[in-house]
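Computed from a prediction, not measured in an experiment: that's the story for all the values here.
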Amino acid sequence: MSFVQVAQLDELTDGPVAVEVDHPSEGPLPVVLFRLPDGEVHALLDECSHGAVQLSEGDFDAHAGTVECYLHGSLFNVCTGAALNLPATQPVPVYPVRVEGKHVLVDVENPLKEN
């Protein structure tokens, strides 16, 4: 796995954080980071699988672990990327995250499989 530093942990206190991560063969990828109340950090492709708009602009419910796309209301699980309601029917890619001290690292080369 190829983890790269994308943010500082203290940046993830007020909701989702959009970052751009370089993928060796695909170029820059938009990624959104979420921090749950238990401290877990999750990373998804920052694009709704239905409307192709930024999930980082949507409503994040940290306690439910969901983000809602602002365009059509599709809801996604931030841990698994699963689409939880229509109109989205496809999951959003989820990337492995590692926290090392105050640094948040993401591996965009090896997306996780949907649970």
Trainee: Looking only at heavy atoms, which two atoms of Ala62 and Leu36 are closest? And how far apart?
Mentor: O-CD2, 3.4 Å
Trainee: Would you please test Thr66 and Leu84 for side-chain contact (heavy atoms from CB on, under 4.5 Å) and show each step?
Mentor: CA-CA 9 Å; Thr66 59; Leu84 302 175; 3.7 Å; yes
Trainee: Answer whether the closest heavy-atom distance between the side chains of Val94 and His42 falls below 4.5 Å.
Mentor: no
Trainee: Are the side chain of Ser74 and the backbone N or O of Ala88 linked by a donor-acceptor pair below 3.5 Å?
Mentor: yes
Trainee: Tell me the salt bridge (Lys or Arg N to Asp or Glu O under 4.0 Å) pairs involving residues 86-98, sequence neighbours left out?
Mentor: Arg98-Glu100
Trainee: A side-chain contact here means heavy atoms from C-beta on lying under 4.5 Å apart; do Val99 and Leu9 qualify?
Mentor: yes
Trainee: Looking at Ala18 and Ser56, what are the two nearest heavy atoms and their distance?
Mentor: CB-OG, 3.7 Å
Trainee: Just how far is it from atom CG of Asp46 to atom CD of Glu57, taken to the nearest 0.5 Å?
Mentor: 7.5 Å
Trainee: Are the side chain of Ser49 and the backbone N or O of Gln90 linked by a donor-acceptor pair below 3.5 Å?
Mentor: yes
Trainee: Do Leu12 and Val41 have side chains that approach each other closer than 4.5 Å (heavy atoms only, starting at C-beta)?
Mentor: yes
Trainee: When rounded to the nearest 0.5 angstrom, what is the spacing between CG in Leu44 and CZ in Phe76?
Mentor: 9.0 Å
Trainee: Grab the two heavy atoms, one from Cys48 and one from Gly51, that are nearest each other, plus how far apart they are.
Mentor: SG-N, 3.4 Å
Trainee: Check whether His23 reaches the backbone of Ser25 with its side chain - one donor and one acceptor, N or O, closer than 3.5 Å.
Mentor: yes
Trainee: Checking side-chain polar atoms at under 3.5 Å, does Gln8 have a donor or acceptor matched by the opposite partner on His103?
Mentor: yes
Trainee: Would you compute the distance between atom CG of Asp59 and atom CG of Leu55 and round it to the nearest 0.5 angstrom?
Mentor: 11.5 Å
Trainee: Quickly, which of Val6, Leu33, Leu45 forms a side chain to side chain contact (heavy atoms under 4.5 Å, CB included) with Tyr95? Name it, please.
Mentor: Leu45
Trainee: Looking at Gly73, is its backbone amide N or carbonyl O close enough to the side chain of Asn85 to form a donor-acceptor pair, meaning the two atoms are under 3.5 Å apart?
Mentor: yes
Trainee: Quick one: pull up CG in Leu29 and CD in Glu47 and give me the separation to the nearest 0.5 Å.
Mentor: 10.0 Å
Trainee: Would you say Asp107 and Ser2 are linked by a side-chain donor-acceptor pair, where the criterion is simply a distance under 3.5 Å?
Mentor: no
Trainee: For Val32 and Pro16, which heavy atoms make the closest approach, and how far apart are they?
Mentor: CG2-CB, 3.6 Å
Trainee: Flag yes if more than 12 heavy atoms outside Asp38 fall under 6.0 Å of its CG atom; otherwise flag no.
Mentor: yes
Trainee: Give the C-alpha distance, both sets of side-chain angles, the deciding distance and a yes or no for side-chain contact (heavy atoms from CB on, under 4.5 Å) between Thr89 and His50.
Mentor: CA-CA 7 Å; Thr89 59; His50 169 260; over 6 Å; no
Trainee: Would you check if Val4 and Leu105 make a side-chain contact, meaning some heavy-atom pair closer than 4.5 Å?
Mentor: no
Trainee: If you round to the nearest 0.5 Å, how far is CD of Glu11 from CZ of Arg35?
Mentor: 11.5 Å
Trainee: Which class fits the ring pair Phe60 and Phe34: parallel under 30°, tilted 30 to 60°, perpendicular over 60°?
Mentor: tilted
Trainee: When you compare the side chain of Leu75 with that of Val67, does any pair of heavy atoms fall below 4.5 Å?
Mentor: no
Trainee: For the atom pair SG (Cys79) and CG (Leu112), what is the distance rounded to the nearest 0.5 Å?
Mentor: 11.0 Å
